Amino acid sequence: MKAAVTAYKGYTISRIDHRVYGAFLEHLGRAVYGGIYEPDHPTADADGMRGDVAEMVRELNVPFVRYPGGNFVSAYNWEDGIGPKDQRPAQLDLAWHTTESNQVGVHEFAAWCDTVGTEMMLALNLGSRGLEEARNFVEYVNHPGGSKWSDMRRKNGRAEPWDVKLWCLGNEMDGPWQIGHKTADEYGRLAEETAKALRAFDPSLELIVCGSSHANMPTFPQWEATVLEHTYDVVDHISLHMYFRNPEKNTGDYLALNEKLDAYIGTVAGVISYVKAKKRSKKDITICFDEWNVWYHSNEQDRKILEGRDGWPEAPPLLEDIYNFEDVLQVGCILNTFIRRSDVVKLAAIAQLVNVIAPIMTETGGSAWRQTTFFPFFFASKYGRGNALHLLTDCPGYDCVHGDNVPYVDVAGVHDEEGGFVTFFAVNRNQTEAMELDLTVAGFGSARIVEHKMIRHDSLEAVNTADKPDEVAPQDVEGANLDGERLSANLPSLSYHMIRVA
Ligand code: AHR
């Protein structure tokens with residue numbers, strides 16, 4: 001079977017905002033403690049941060065890391081994480097039923113961000129707290145000095161402000177599980193007033209208001225409409241979250257979930273347009289998809305801790321999904337969707353970064369390794385920067401619960417004008433047959449295939465572990481051919497591809 005795809009130079013969707021390759025790190029399980037921070041680890045630096053983990057994070061080249069939550073933030077006191085470490089209080093984390101030692105706070109996180117070469121995106125607690133604490137925190141982080149909170153930061157050892165631009169106005173405030181959950185009107189008003197206060201401090205901040213936690217929320221998409229009616233003039237982005245699951249082990253349905261993702265994004269883009277028109281506004285709001293990933297493998301094993309049957313453990317293993325080869329294909333399709341919707345999705349964050357539903361895993365005291373899903377993210381982050389191409393595709397498809405005639409080959413293309421490269425990311429979702437990719441690359445002047453990487457395994461269940469860290473990994477492929485403007489490549493059944501031409 002054949003997938004005919006045409007890319008024309010100049011026929012672009014949008015410039016991809018590189019911030020679509022961001023990540024998320026929460027005080028949850030072993031993400032921070034035993035993940036990025038482990039003072040006794042042989043690779044730890046003077047701040048107690050693991051060098052082996054930092055190295056892998058650098059490889060992913062994430063432009064920002066969202067912190068400190070997640071559900072955690074909605075009962076978090078940021079002041080508990082500053083000052084001398086031996087005076088910081090331990091707190092009960094109500095979101096994950098654990099104990100938070102507060103040995104890592106904003107100072108330690110900021111220093112780690114410098115080490116790994118990324119920016120901070122900070123989330124504010126609009127659950128148990130509100131405007132007052134939010135504005136104090138922003139002053140602490142961003143004001144040079146001469147005020148109560150900025151001078152306290154200086155006293156705590158940091159003279160320069162961090163000048164953080166990206167601020168989340170709460171987390172998943174539509175969710176009844178959220179500490180301090182609110183109705184859309186209650187939250188919309190609080191977010192509006194908080195945004196106004198923060199803008200009075202610094203109009204150049206980029207503020208992100210909470211959209212829906214997922215597309216099946218009963219309040220979706222009215223939540224977005226109501227919240228934006230309150231906040232449209234004072235925020236920049238609306239956040240969306242979505243997690244991908246396959247507990248029924250139905251590969252066809254699972255790998256078509258990005259149809260649902262695409263519709264979700266499209267609906268919210270429509271709601272943004274609706275509110276914009278209603279307000280007769282010239283301003284555009286864009287989407288910050290600040291939590292996305294596969295999350296279901298660990299659900300069962302987490303139940304005991306989350307139900308409180310283990311008391312209040314400190315940094316226990318939680319949400320430690322071990323990703324398989326099938327998840328590589330899923331993550332590839334998700335990232336392709338973000339590239340194709342780069343006109344409206346300007347920021348996104350893989351949730352999360354280390355140990356907790358993450359591309360990087362560690363053993364406490366032991367090694368760190370790349371999960372299977374590390375690789376499609378690595379390729380997209382590395383080569384998916386430039387202009388997203390509007391591809392014309394003609395490809396047979398299959399019917400499933402998420403739609404009919406879902407194309408077997410999911411493909412996205414990116415033109416890096418400065419580098420002179422065109423990169424295609426393709427996932428063959430056909431479970432029984434190889435697909436012949438017949439790609440017309442028109443007007444780019446491409447003369448050669450620079451690289452063709454494939455990720456494939458005979459078993460969809462194959463995983464990487466500390467003992468077998470390379471079980472699922474990219475391999476070089478020969479055989480693709482570029483003849484004039486026609487590129488042909490064989491895509492074996494159930495395989496991921498990254499093909500670059502120059
Ligand atoms: O990423 C795990 C959790 O998923 C986050 O804390 C929350 O925002 C979402 O429900």
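Nothing fancy with the numbering, it's 1 onward along the sequence. These figures come from a predicted structure and were not determined experimentally. Remember, it's 1-based here, ligands and their atoms both numbered in the order they're listed.
- In this structure, the side chains of D236 and V209 stay at 4.5 Å or more apart for every pair of heavy atoms.
- Residue E291 has at least one N or O atom closer than 3.5 Å to an N or O atom of ligand 1.
- In this structure, the side chain of Q87 does not engage the main chain of P84 through any donor-acceptor pair within 3.5 Å.
- Near W295, with a cut-off below 4.0 Å to any heavy atom, the atoms of ligand 1 are 2 (C), 3 (C), 4 (O).
- The ring of W292 has its center closer than 6.0 angstrom to the ring center of F338.
- With 3.5 Å as the limit, one finds a donor-acceptor pair spanning the side chains of Q178 and N171.
- Checking only distances, N171 does come within under 3.5 Å of ligand 1, N or O to N or O.
- Nearest protein heavy-atom neighbour of atom 1 (O) of ligand 1: Y243 OH, 2.8 Å.
- Looking at heavy atoms from C-beta onward, L261 lies in side-chain contact with F244 at the 4.5 angstrom threshold.
- Note that the CG atom of N246 and the CG atom of L257 stand 8.0 Å from one another [nearest 0.5 Å].
- For F24, every heavy-atom contact with ligand 1 shorter than 4.0 Å involves the side chain, none the backbone.
- Not less than 6.0 angstrom separates the ring centroid of Y187 from the ring centroid of H181.
- At a 4.0 Å heavy-atom cut-off, ligand 1 does not touch W292 at all.
- Within ligand 1, counting atoms from 1 as listed, the ones closer than 4.0 Å to a heavy atom of N71 are 5 (C), 6 (O), 7 (C), 8 (O), 10 (O).
- Shortest contact from atom 10 (O) of ligand 1 to any protein heavy atom: E172 OE1, 2.7 Å.
- Ligand 1 places these atoms under 4.0 Å from at least one heavy atom of I357: 1 (O).
- Put simply, the residue from Y67, F137, F64 that forms a ring-ring contact (aromatic ring centres under 6.0 Å, His included) with W167 is F137.
- Looking at V356 against ligand 1, nothing comes within 4.0 Å, counting heavy atoms.
- Polar contact check, E26 against ligand 1: a nitrogen or oxygen pair lies under 3.5 Å apart.
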